[in-house]
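For reference, the structure is listed below as structure tokens.
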Amino acid sequence: MKEAAERLNTSERFPRRLIEERRITFVHVGRNVRIPEAALDAFIAAGVVPAITLDGYEGGRAA
């Protein structure tokens with residue numbers, strides 16, 4: 001949990017909540033819970049919002 005929290009730049013509670021809510025893939029190893037690095041990569045990639053380009057922008061509000 002500590003390494004996942006550091007990678008996500010959050011507290012350790014956040015990855016635990018992701019697991020509890022089944023929002024991220026995890027693996028039980030005995031009594032321990034592990035989050036595969038690929039699952040963290042996928043979670044981060046799913047949250048990426050592309051930048052707005054200014055091609056064809058004529059002014060006014062963007063959203």
Side-chain angles (χ1 to χ4, degrees):
M1 288 305 134
K2 183 178 179 181
E3 293 172 358
E6 287 175 4
R7 177 106 185 267
L8 296 170
N9 197 27
T10 63
S11 69
E12 288 186 40
R13 178 68 188 124
F14 183 66
R16 290 182 194 280
R17 194 174 83 217
L18 292 176
I19 290 169
E20 179 182 325
E21 296 172 356
R22 304 286 199 246
R23 293 174 50 201
I24 195 165
T25 302
F26 63 96
V27 178
H28 277 282
V29 180
R31 294 180 59 193
N32 299 308
V33 176
R34 301 283 187 249
I35 300 173
E37 191 170 344
L40 279 176
D41 292 339
F43 179 79
I44 292 168
V48 172
V49 178
I52 296 173
T53 61
L54 297 180
D55 295 338
Y57 180 69
E58 298 177 11
R61 295 182 65 164

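Remember, it's a predicted structure, so these values are computed and weren't measured experimentally.
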Counting only heavy atoms from other residues, nucleotides and ligands, does the tally under 6.0 Å from CD of Glu3 exceed 12?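 Check fails, neighbour count at 12 or below.
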Arg17: what forms a side-chain hydrogen bond (donor to acceptor under 3.5 Å, both in side chains) with it, not counting sequence neighbours?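 Listed in chain order: nothing, the list is empty.
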Side-chain donor-acceptor pairs under 3.5 Å in residues 35-46, sequence neighbours left out?
unit_1	atom_1	unit_2	atom_2	d
Asp41	OD1	Arg7	NH1	3.2
Asp41	OD1	Arg7	NH2	2.3

Using the rule given for side chain to side chain contact (heavy atoms under 4.5 Å, CB included), can you reason through Met1 versus Glu6, listing the C-alpha separation, both sets of side-chain angles and the distance that settles it, and then say yes or no? CA-CA 9 Å; Met1 288 305 134; Glu6 287 175 4; over 6 Å; no
Output all residues satisfying salt bridge (charged side-chain N to carboxylate O under 4.0 Å, His left out) with Glu12, sequence neighbours left out; order by chain, then residue number.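 With sequence neighbours excluded, Glu12 shows a salt bridge (charged side-chain N to carboxylate O under 4.0 Å, His left out) to Arg16, given in chain and number order.
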Is the closest side-chain heavy-atom distance between Val27 and Val33 below 4.5 Å?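 Not touching, per the 4.5 Å side-chain cut-off.
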By the side-chain hydrogen bond (donor to acceptor under 3.5 Å, both in side chains) test, which pairs, at least two apart or in different chains, include something from residues 21-34?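 Listed once each, the pairs are Glu21-Arg23.
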Side chain to side chain contact (heavy atoms under 4.5 Å, CB included) with Thr10: which residues, sequence neighbours excluded?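 Ala5, Leu8, Phe14, Pro15.
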